[in-house]
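No hydrogens, no waters, no symmetry mates; every other heavy atom, side chains included, goes into these values. In each ligand, atom 1 is the first atom listed, and ligand 1 is the first ligand listed.
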Amino acid sequence: MGGILRVALAGQPNVGKSVIFNQLTGLHQHIGNWPGKTVEKAEGTLHFGGYTVDIIDLPGTYSLSAFTIEERIARDYIALERPDVVVNVVDASSLERNLFLTLQVLELEAPTVVALNQWDVAKKRGLQIDVRKLEESLGVPVVPTVAVTGSGLHRLLERVIEQRGKKSSFPRYGREVEKKVRILEKWLGGLEYPPRWLALKLLEEDEEVEELVGEARPEVLSHVRKMRRELEKTHGERPTVVVAAERYSLAGRIAREVQTAVPAGERLSDRLDRITTSPLTAYPILALVMLSLFLVVFQVGGRFTWFFDSLAGRLEGLHWLPRSALGGILAAASVALPYIIPFYLLLHLLEDSGYLPRAAFAMDAIMHKMGLHGKAFIPAVLGFGCDVPACLGCRIMETEREKTLAAIVVTMIPCAATTAVILGLVGKFVGLPAAVALYVLHFGIVLALGRLLFKLLPGEPVGLIMEMPSYRIPHLPTVLKETWGRTMEFLKIALPLVVLGNVALSALYETGATGALNTVLSPLTVGWLGLPAMAGTVLLLGILRKEMILILLATALGTANFSSVLSTPQMMVLGMVSMLYLPCISTFVALGKEVGWRRAVYVAFLRVLLAIFIGGLLYRALSL
Ligand SMILES: Nc1nc2c(ncn2[C@@H]2O[C@H](COP(=O)(O)OP(=O)(O)OP(=O)(O)O)[C@@H](O)[C@H]2O)c(=O)[nH]1
Ligand SMILES: [Mg+2]
């Protein structure tokens, strides 16, 4: 007994793999009600039944061909890394579509357990599934689960342990396909992948497998071509379609056999779906949702600053902390956190409800103006939280060109830290309408820039094909957990940087370097932008993290009551420049990795120029 067990979670997008992963490992994988969140595999461990269980959360895929990066990650992991057990997570409320993938997982012949997740949702919709019968049809254990409450997960792990080392049965398709597979698999033994799977993939014209077999067993390919021709002749369809149709028909048959549905009337979620996607109501709702998001954050954040302020007052007495470090921590706590926490909370509520794909649908026409389609709006909304996941999220775009375009555009979305700067500086001291005006101006610029990029990287966006998950009442504990995780992550990453920035600023002061730096930059900062000279160092250090601009500003000015030192135009210009000028370092790295370093540098350069140009114009316009 005992030892290490490697268990991979595989399944279609948005079925609940990451919730299961988080429940089992206590880690914080991104969760939300839209397909395509997990883009890289993640790993975590737990101890169960005397085993150390390594769990791998794979990206969601509709199938296991090698069309997308996610599909390749998932299929290579199962086929080549050979986990001890694969847990195929299935959405019980849409069984037939999910079984299409289950069959492909079984084709890979790894020991498999099916988690029949979202069991609660299926029940609520009047769907009954005969679990025993499903087990018989698939030949593997099936465990109903409700990931968000953790129900069934214990049983799932028990079945996983029983299943290790056992060979799963594989699905059998129509007689004609099977006959060909049987002949081919005899020639395909001894390669890395299971022979039966290779045979099927060869028949369905999988280019990657064809290349692999072409190198190892070139003589097989002529037989394969002949077989494909035969299939095409008898079925009148391309072999790819023939094999896929075999899977669809088997999935459909199994689903029909094991499932009974009690018809339900129009549900509230259907009605909500209608009003949030029909053109007449979709736009006003979208505008209302976004505006209330900011309004609530502003109100709640404003109320909470006093709490942190008084806390800060008490901490001031602690002399054992170095002053510059203390200043950084206090400033972070009092100016940034009160806005960031409610913002994360609302964003997660929105994400978990299933509204984002509808918003994406509504935004399709506007996004087309930038050569993108509506799907790019999902990472864009995530960008309001943090631009790093937003940038990675652009992988849901279908082509490389669209991914690049989307990544450049979404990393310009003001993140929670930038919002803290805008709300804490402009919103608080000039007024909320001024803050909203800055946002509107900023989005106008982003749109114009997107359009310009579209001219530079021409091409037609592919049509919007996106699954619409049903609306769901957000699961509060999950949302709270997500918010907590994000806030902790923020503290872990931000606080050390904030302290570092503050210490750096004090050191620069001590050595007199601030003065020199500010003087060098003053033609720009003072002459053109109309800001006080110290804005130079503040903006420079602000690229570590955007909220630093506000925090360092408070340190440099010696007060968080900004309006006593800065004029209204100055605060507006500083806010505008903060949004535009540069992505923070982490975002820059993410952008570089996704679109290439040269492009990332160009983008950064362009943004600085734009910030200086627009900031100067704004200063002049406001000072008239
Ligand atoms: N009611 C209910 N909701 C669930 C259950 N499991 C997951 N969810 C919700 O389903 C949504 C998707 O869950 P995720 O874990 O992010 O899905 P995923 O399979 O990792 O998705 P991708 O990473 O996009 O492939 C979230 O909104 C969850 O809160 C469940 O058993 N019951
Ligand atoms: Mg996931």
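The distance criterion of under 3.5 Å between nitrogen or oxygen atoms is not met by Trp119 with respect to ligand 1. Considering backbone and side-chain N/O of Val15, one or more are found under 3.5 Å from N/O of ligand 1.
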Discussion item. With side-chain contact (heavy atoms from CB on, under 4.5 Å) as the criterion, how do Ile55 and Val53 come out once you've worked through the C-alpha distance, each side chain's angles and the decisive distance to 0.1 Å?
Written reply: CA-CA 6 Å; Ile55 310 247; Val53 188; 4.0 Å; yes
Discussion item. side-chain contact (heavy atoms from CB on, under 4.5 Å) for Ile341 and Val300? Distances and angles first, verdict last.
Written reply: CA-CA 10 Å; Ile341 296 174; Val300 176; over 6 Å; no
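Between Phe384 and Phe343, the ring planes are tilted. Angles from 30° to 60° get that label. Using cut-offs of 30° and 60° for the angle between ring planes, the Trp597 and Phe588 rings count as tilted.
Every atom of ligand 1 with a heavy atom of Ser18 under 4.0 Å away is listed here by number and element: 15 (O), 18 (P), 20 (O). For ligand 1, the atoms lying closer than 4.0 Å to a non-hydrogen atom of Gly60 are 25 (O).
For Tyr439 and Phe294, the ring centers are positioned less than 6.0 Å apart. Taking the six-membered ring where the residue is Trp, the centroids of Tyr62 and Phe100 are separated by 6.0 Å or more.
Remark: minimum distance from atom 31 (O) of ligand 1 to any protein heavy atom is reached at Ala147 N, 2.9 Å. The shortest contact between atom 15 (O) of ligand 1 and any protein heavy atom is with Val19 N, 2.9 Å. Of all protein heavy atoms, the one lying nearest to atom 23 (O) of ligand 1 is Thr38 OG1, 2.7 Å. In terms of protein heavy-atom proximity, atom 14 (P) of ligand 1 is closest to Gly16 CA, 3.7 Å. In terms of protein heavy-atom proximity, atom 4 (C) of ligand 1 is closest to Val148 CG1, 3.7 Å. Shortest contact from atom 16 (O) of ligand 1 to any protein heavy atom: Lys37 CE, 2.8 Å. Atom 19 (O) of ligand 1 has as its closest protein heavy atom Lys17 NZ, 2.7 Å.
Atom 26 (C) of ligand 1 has its nearest heavy-atom neighbour, among Ile473, Asn22, Asp352, in Asp352. Residue nearest to atom 21 (O) of ligand 1, selected from Thr478, Asn14, Asn117: Asn14 (by heavy-atom distance).
Geometrically, Arg401 does not engage Phe454 in a cation-pi contact defined by less than 6.0 Å to the ring centre and at most 45° from the axis.
Salt-bridge check for Glu136 with Lys133: failed, with every basic side-chain N at 4.0 Å or more from each acidic carboxylate O. Salt bridge status for Lys201 with Glu107: absent, with no side-chain N to carboxylate O gap under 4.0 Å. Contact check on Arg75 versus Asp206 returns a salt bridge, with a Lys/Arg side-chain nitrogen under 4.0 Å from an Asp/Glu carboxylate oxygen. Salt bridge absent: Glu402 and Lys375 never bring a charged side-chain N and a carboxylate O closer than 4.0 Å.
At least one N, O or S atom of Ser18, from either the backbone or the side chain, sits less than 2.8 Å from the Mg ion (ligand 2).
For His475, the closest heavy-atom approach to ligand 1 does not fall below 4.0 Å.
When non-hydrogen atoms are compared, ligand 1 lies under 4.0 Å from the side chain of Arg472 (C-beta onward) but not from its backbone. At a heavy-atom cutoff of 4.0 Å, ligand 1 is contacted by the side chain of Val121 but not by its backbone. Contact annotation for Asp120 and ligand 1: only side-chain heavy atoms (C-beta onward) come within less than 4.0 Å of the ligand.
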